[in-house]
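Okay, structure first, notes after.
All residue numbers in this chain count up from 1 along the given sequence. Everything numeric here is computed off the predicted structure, so don't read it as measured data. Scope of the values below: all heavy atoms of this structure, side chains included, with no hydrogens, waters or symmetry mates.
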Amino acid sequence: MIRAVFTLLISLFFFSSCTLLKTTNKEEVPSGTYILKNSLDKNKVFVETVNEELHFYELTFTAMDEDLAKESLKADVLKLTYNPLYIRQKSLDLDFLTIPVKLRPAKKDIPSQLNSDITGALYVGYRIDSYSIKNGLNILSKPTQQINHIAYSIGVFSGFGNTTISPFTTAQIVEKEYEGIVFSNGIAAIIGTNHFSVGLTIGIDHLLDNNKSFWIYQQKPWVGVGVGLNLN
């Protein structure tokens, strides 16, 4: 029963993910402050999308008095000739992370296990978004713009999942087989494009019932594959 509920939730998650991917294009550079990677000085620029065209403004520091300075925008749009143009942005990453596959190391007489137990977790991390913007001409000699986006993130996650509890995983102490609920937490390294991300996870599970002291994988590390939906 628990496995069926988790399967339904994950199916709804993937359906909503596909819908969001169709309506939200992360390859369209969001307005905001970026670091211009083409510049040796790694200058800051403000990017704004105007009529599907990217405008770049230089960020400078304006002194308010001897002890204060604030960041301000120059009014003129920068005429950047780099092609391709590379910009980068750092931010806080908030994801809904699904871990559908876990590799559990060998334990006692039981060999390594590749489990399909499903875990849903909230992920928080440090993220870097990199954009490559290449200008060109199409066959009609009209300007075109190709934007490639990739993101890297590392952080922590916590959530809930299910696992099979049986004589096989409790050293023959628990006689019946059932689906137990576990609380999972750990770290993850994620790479993503658009609003879809995938990464490597390392975590531990805590069984939440009275058989936790018999479960051979209680608080033992595992390695998994995570699939995420960006929430911010």
message: Are more than 12 heavy atoms, taken from residues, nucleotides or ligands other than N210, located less than 6.0 Å from that residue's CG atom?
response: no
- prompt: Which pair of non-hydrogen atoms, one from P105 and one from P221, has the smallest distance, and what is that distance?
  reply: CD-O, 3.3 Å
query: Say you draw a straight line from CG of L97 to OH of Y123; how long is it, rounded to the nearest 0.5 Å?
result: 8.0 Å
query: Do you know which two heavy atoms are closest between D117 and N162, and how far apart they sit?
result: CB-O, 2.9 Å
W222 and F157 aromatic ring geometry - parallel, tilted or perpendicular at 30°/60° bounds: tilted
- prompt: V124, I204: one ILVMFWY side-chain cluster at the under-4.5 Å cut-off?
  reply: no
message: Walk me through whether Y86 and K134 qualify under side chain to side chain contact (heavy atoms under 4.5 Å, CB included).
response: CA-CA 9 Å; Y86 298 101; K134 187 175 183 179; over 6 Å; no
Nearest atoms (heavy-atom pairs only) where F183 meets G159: CD1-O, 3.2 Å
task: Could you tell me the separation between the CG atom of L103 and the OG atom of S112, rounded to the nearest 0.5 Å?
output: 6.0 Å
Distance-only side-chain donor-acceptor flag, S130 / Y152, under 3.5 Å: no
query: When you check the side-chain N and O atoms of T164 and E179, is any donor under 3.5 Å from an acceptor?
result: yes
query: Do side-chain atoms of T170 reach the backbone of S166 as a donor and acceptor pair under 3.5 angstrom?
result: yes
task: Nearest 0.5 Å please: distance from the CG atom of L231 over to the CG atom of L94.
output: 4.5 Å
- prompt: Is E175 atom CD crowded by more than 12 heavy atoms from other residues, nucleotides or ligands, each under 6.0 Å away?
  reply: no
field: CD1 on I99 to OG on S184, rounded to 0.5 Å
entry: 6.5 Å
message: Closer than 3.5 angstrom, by distance alone: can the side chain of E48 be matched with the main-chain N or O of F46 as a donor-acceptor pair?
response: no
query: Are the side chains of F56 and I133 in touch, meaning some heavy atoms are under 4.5 Å apart?
result: yes
Least distance between heavy atoms, T201 atom then V225 atom: OG1-N, 3.9 Å
task: Could you tell me whether the side chain of N185 reaches within less than 4.5 Å of the side chain of V156, counting heavy atoms only?
output: no
query: Taking the side chain as C-beta and beyond, is there a heavy-atom pair between L208 and V182 under 4.5 Å?
result: no
field: Side-chain ion pair, R104 and D205, N-O less than 4.0 Å
entry: yes
query: Could you walk me through whether K212 and H206 pass the side chain to side chain contact (heavy atoms under 4.5 Å, CB included) check?
result: CA-CA 7 Å; K212 60 184 177 182; H206 309 265; over 6 Å; no
query: Which atoms form the tightest heavy-atom contact between R88 and K37, and what is the distance?
result: CB-CD, 3.7 Å
- prompt: Between T98 and I118, does a side chain to side chain contact (heavy atoms under 4.5 Å, CB included) hold up when you go through it step by step?
  reply: CA-CA 7 Å; T98 303; I118 297 175; 4.3 Å; yes
message: Grouping I, L, V, M, F, W and Y whenever their side-chain heavy atoms are under 4.5 Å apart, do I173 and Y217 come out in a common cluster?
response: yes
message: Hydrophobic clusters here meaning ILVMFWY residues chained together by side-chain heavy-atom distances under 4.5 Å, can you tell me if L207 and I216 are in one?
response: yes
- request: Look up atom CG in D93 and atom CG in D95, then write down how far apart they are to the nearest 0.5 Å.
  value: 4.0 Å
- prompt: Is there a donor-acceptor pair under 3.5 Å between the side chain of T119 and the backbone N or O of F160?
  reply: no
- request: Compare every heavy atom of Y131 with every heavy atom of P30, then report the nearest pair and how far apart it is.
  value: CD-OH, 3.4 Å
- prompt: Between T163 and K102, is any side-chain donor less than 3.5 angstrom from a side-chain acceptor?
  reply: no
field: Derivation and outcome, side chain to side chain contact (heavy atoms under 4.5 Å, CB included), residues T33 and V45
entry: CA-CA 6 Å; T33 302; V45 294; over 6 Å; no
- prompt: In Å and rounded to the nearest 0.5 Å, what is the OG to CD distance from S132 to Q146?
  reply: 7.5 Å
Among D129, L54, N38, V47, the one residue meeting side-chain contact (heavy atoms from CB on, under 4.5 Å) with I87: V47
message: Hydrogens and angles aside, do D209 and Y178 bring a side-chain donor and acceptor to less than 3.5 Å of each other?
response: yes
